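Here is how names work: the chains are called A, B, and so on, in the same order as the sequence lines, proteins then strands, and each is numbered from 1. Not measured: the values here are computed from a predicted model. Note: hydrogens, waters and symmetry copies are ignored here, and every other heavy atom, side chains too, is used.
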Number of protein chains: 2
Amino acid sequence: MSHRIFNFSAGPATLPEPVLRQAQAELMDWQGMGASIAEISHRSAPFIEMAAQAEADLRRLLSVPDDYAVLFLQGGATLQQALIPLNLAAPGQVADYLITGHWGQTALKQARPYVDARVVASGEANGYRGVPPRADWCLSGDAAYLHVTANETIHGVELRDRIEADVPVFADFSSSIASEPIDVSDYGLIYAGAQKNLGPSGITVVIVRRDLLNRAGQPRADILTYASHMARDSMLNTPPTFNWYLLGLCLRWMLDEGGVEAFGHRNASRAARLYAAIDGSEGFYRNEVAPAVRSRMNVPFFLRDATLDAEFLRQAGERGLMGLKGHKVVGGMRASLYNALPDAAVRALIDFMQEFAQRHG
Amino acid sequence: MSHRIFNFSAGPATLPEPVLRQAQAELMDWQGMGASIAEISHRSAPFIEMAAQAEADLRRLLSVPDDYAVLFLQGGATLQQALIPLNLAAPGQVADYLITGHWGQTALKQARPYVDARVVASGEANGYRGVPPRADWCLSGDAAYLHVTANETIHGVELRDRIEADVPVFADFSSSIASEPIDVSDYGLIYAGAQKNLGPSGITVVIVRRDLLNRAGQPRADILTYASHMARDSMLNTPPTFNWYLLGLCLRWMLDEGGVEAFGHRNASRAARLYAAIDGSEGFYRNEVAPAVRSRMNVPFFLRDATLDAEFLRQAGERGLMGLKGHKVVGGMRASLYNALPDAAVRALIDFMQEFAQRHG
């Protein structure tokens, strides 16, 4: 196969084709250095310049205020879920967690060895089909922070309202960062594994209000310390250089495409069309999430007749529509509509779904 | 510049040209999938197969016994230096550290928050120009482990004798793994950042005797737990997929080139020729490390007249000999002679050094 498929994978996910073409063209010889960017020192001037440009582009893309540090780290979002209590809470201090899906549970699990992690509210009882009403949240008041998951990649639940809290809000934005404009100053800390909207796996972005890094946190190694990474411009040890480079190319591509304003409009429109197709299928397809908090990035859906799942995936694959199988936690199907997914992919998916429903309905 | 330079960088370092060519050829379309390997799910069958093949190839390359687990992790060697005491020592337990250079000090620093880290012996007093004689080591006896640095990348000191100890020996092999045959069963744990002899930065190999992972260790998050990574085949969370793939290509290349037996002979011969050129320069160049423990991988050297350093680097660069500037900790020059460096590079370096000495001596 020489053409590119339409890749609805939840992450690692589709990358912008121009980014891949540039990476391919310069893989053997970056900037005329006679070496790949994967082969040069992270302490060399050209690499440092590339890294600084990526940070500047991320700041511009997300309008990151100057009093926030931007870190490029390893370990994925899950490692940040441990580093957050280690760095930003005292041993055994109360920390609040709002649980709206699988990844909120993961965050809670990573934090439990370090803090008195309390569940403010959980959507678990209703199968994570919505966000518990704000009136039902049980905030601790004296918590080190409130942790939320901005978008639940598996359950397809996205927080759409601004979170009001008396303590800093820390948010896992792995699957919705850069998908629309946000006000970074609403958050004390934002983290995101890159492998959805920002680039390849193996690099994770942390945006954190600098003054929070003055908190003593808990006994820990230097390599687990955000302030140490900040002080060394995310080069406390050898960073994932090629991943950083690919991330940088993706950031530049997003800026060239119009930035988060443009993606925000596009993503809202695409998600609305797909949900409309699901809702208009007379029950052939269904999405169970409350409409007000349906994810614009990850659209899980089920066929009324689950025995058709395999046939749906087979026929989709024949049309070059890949990565549609749902996560094993929930089953069914899932279409991830990240920034790098072409509009044509969404149109092709909707067309296919309607045809499939006609044939098998 | 369209030709490839000779890259003596200490890491990230030169990669095998056939590996880069293959990665370039299939960057847009891996295995006919119509997507880059950077874009597909780590839970997909093709990725899992690639990952398993990389593990099998690493086991074959290093003759890893079955009772050892092989992990592919993020965070670099420095993160392992924290995870080792967290996973393999009780809180405050004694742990022994042999310090033969900068990276031994780093390992000690990461461990100190967690264990009673004791320096068995240190080469610091003599500027890390040798390994303290075994008779002078002060082993604790009741230590959780003895940590050593197999090869000091900055100071150019390599342990050449088998380490005898009553406790498991844990070794940082970042800059000498796969450079010659070793007996893995001499060690309880081996770790190595990939970015020297194994592939790109952003992925780290840990080889650990499985029974050691039954140790309770210290309170910690699941993501910081080796046993959890082992139980999930290093996919406890999203792994650095493209890095794993490049690492796999490098492993295959090393096997095709004759494996560690072949590299062992080649590396010994190349290092011997370079040291002979230094020692035979009548003091124009000097290496200060005791000959018995000179590193085969990283050859630091100084010009007698340090005011010529910049000119040396400039003229070397004109010949396409790059990455020769010494680490700021020691200054001077450093030539890293990893497996992927062509023999022609070592010949070209020696020729240049001799000509430069004649012109400026």
Could you check whether any side-chain N or O of [X] sits under 3.5 Å from a backbone N or O of [Y], counting only pairs where one atom can act as donor and the other as acceptor?
X        : Y        : result
B:Glu39  : A:Leu15  : yes
B:Tyr114 : A:Pro219 : no
B:Gln74  : A:Gly75  : yes
B:Gln110 : A:Ala221 : no

Assess the side chains of B:Ser201 and A:Thr241: does a donor N or O sit below 3.5 Å from an acceptor N or O? yes
May I have the step-by-step check of side-chain contact (heavy atoms from CB on, under 4.5 Å) for B:Asn243 and A:Asn243, ending in yes or no? CA-CA 8 Å; B:Asn243 314 60; A:Asn243 313 60; 2.9 Å; yes
Exactly one candidate in A:Thr238, A:Ile40, A:Ile37 meets side-chain contact (heavy atoms from CB on, under 4.5 Å) with B:Pro12; the answer is A:Thr238
Would you mind checking which part of [X] comes under 4.5 Å of any heavy atom in chain B, side chain (CB onward), backbone (N, CA, C, O), both or neither?
X        : answer
A:Asn7   : side chain
A:Arg43  : neither
A:Ala10  : neither
A:Pro239 : backbone
A:Gln195 : side chain
A:Ala38  : both
A:Ser36  : both

Search all heavy atoms of A:Gly76 against all heavy atoms of B:Asn237 and return the closest pair with its distance.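 For A:Gly76 versus B:Asn237, the nearest heavy atoms are CA-ND2, 3.9 Å.
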If you measure from OG on A:Ser44 to NZ on B:Lys325, what distance do you get to the nearest 0.5 Å?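 Rounded to the nearest 0.5 Å, the OG-NZ separation comes to 11.5 Å.
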Do you know which of A:Ile223, A:Leu27, A:Leu73 has the most heavy-atom pairs with chain B at a distance under 4.5 angstrom?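 Counting heavy-atom pairs under 4.5 Å, the top option is A:Ile223.
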Check the pair B:Glu17, A:Met28 against side-chain contact (heavy atoms from CB on, under 4.5 Å), reporting the backbone distance first and the verdict last. CA-CA 8 Å; B:Glu17 186 168 333; A:Met28 304 286 298; 3.8 Å; yes
Decide, yes or no, whether a salt bridge links A:Asp29 with B:Arg4 under the criterion of side-chain N to carboxylate O below 4.0 Å. no
